[in-house]
Amino acid sequence: MITDEKVARINALAQKSRTPEGLTQEEKVEQAALRREYVDAVKQSLQGHLDHTTVIRPDGTKHKLAPKD
């Protein structure tokens, strides 16, 4: 799970990367890991929403979305 502290760290690293000094190699590795964790959390959240989504057709019938392989 992504915490507010991790999001703040992602933002801080992004701001620092835009400065003339840039990021150190360790910070680049940390930034990549934090970004991957963030993207994975967003994907997981979206999948959870889609798993609980029901489509209502114009005729009133309901059906759950089929999982995509």
Side-chain angles (χ1 to χ4, degrees):
M1 175 175 201
I2 281 290
T3 63
D4 290 339
E5 292 82 19
K6 288 183 180 180
V7 172
R9 182 65 179 153
I10 291 170
N11 292 331
L13 289 170
Q15 284 180 332
K16 186 176 180 192
S17 71
R18 292 185 205 103
T19 63
E21 66 190 38
L23 297 174
T24 65
Q25 191 60 35
E26 293 82 23
E27 288 171 330
K28 288 179 183 179
V29 170
E30 178 187 9
Q31 183 183 42
L34 286 169
R35 283 180 173 175
R36 173 59 22 213
E37 187 177 347
Y38 180 81
V39 168
D40 291 344
V42 170
K43 286 181 180 179
Q44 185 178 14
S45 175
L46 178 60
Q47 187 62 50
H49 286 294
L50 292 175
D51 288 346
H52 294 93
T53 299
T54 301
V55 176
I56 302 174
R57 301 213 179 243
D59 65 1
T61 59
K62 299 177 183 179
H63 73 281
K64 288 184 117 355
L65 290 179
K68 255 194 146 167
D69 295 327

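What you are looking at is a predicted structure, and each value in this text was computed from that prediction instead of being measured.
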Residue pair Q44, D40: steps toward the side chain to side chain donor-acceptor pair (under 3.5 Å) verdict: CA-CA 6 Å; Q44 185 178 14; D40 291 344; over 6 Å; no
Taking all non-hydrogen atoms of both residues into account, name the closest pair between S17 and Q31 and its distance.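 Smallest interatomic distance, heavy atoms only, reads OG-NE2, 4.5 Å.
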What is the minimum heavy-atom distance between I2 and L34, and which atoms define it?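 Smallest interatomic distance, heavy atoms only, reads CD1-O, 4.5 Å.
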Listed partners of K6 passing salt bridge (Lys or Arg N to Asp or Glu O under 4.0 Å), at least two apart: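 Here the qualifying residues are E37.
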Interatomic spacing from CD1 in I10 to CD in Q15 - rounded to 0.5 Å: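 Nearest 0.5 Å value for the CD1-CD distance: 12.5 Å.
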Distance-only side-chain donor-acceptor flag, D51 / Q47, under 3.5 Å: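 Their side chains do contain a donor-acceptor pair, which is all the 3.5 Å distance test asks for.
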State whether the side chain of S45 and the backbone N or O of V42 hold a donor-acceptor pair below 3.5 Å, judged by distance alone.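 Not at all, since once roles are kept as given, no pair shorter than 3.5 Å links the two residues.
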Got a sec: does the NE2 of H49 have more than 12 other heavy atoms crowding it under 6.0 Å?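 Open: at most 12 neighbouring heavy atoms sit under 6.0 Å from NE2 of H49.
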ILVMFWY cluster, L46 and L65 together (side-chain gap under 4.5 Å):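 Yes.
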Do E27 and R9 pass the side-chain contact (heavy atoms from CB on, under 4.5 Å) test, and can you show the C-alpha distance, the side-chain angles, and the key distance before you say yes or no? CA-CA 10 Å; E27 288 171 330; R9 182 65 179 153; 4.3 Å; yes
pair V39-K43: side-chain heavy atoms closer than 4.5 Å: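 Of all side-chain heavy-atom pairs linking K43 with V39, at least one is under 4.5 Å.
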Side-chain touch V29/E26, heavy atoms, less than 4.5 angstrom: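 Sidechains of E26 and V29: no contact.
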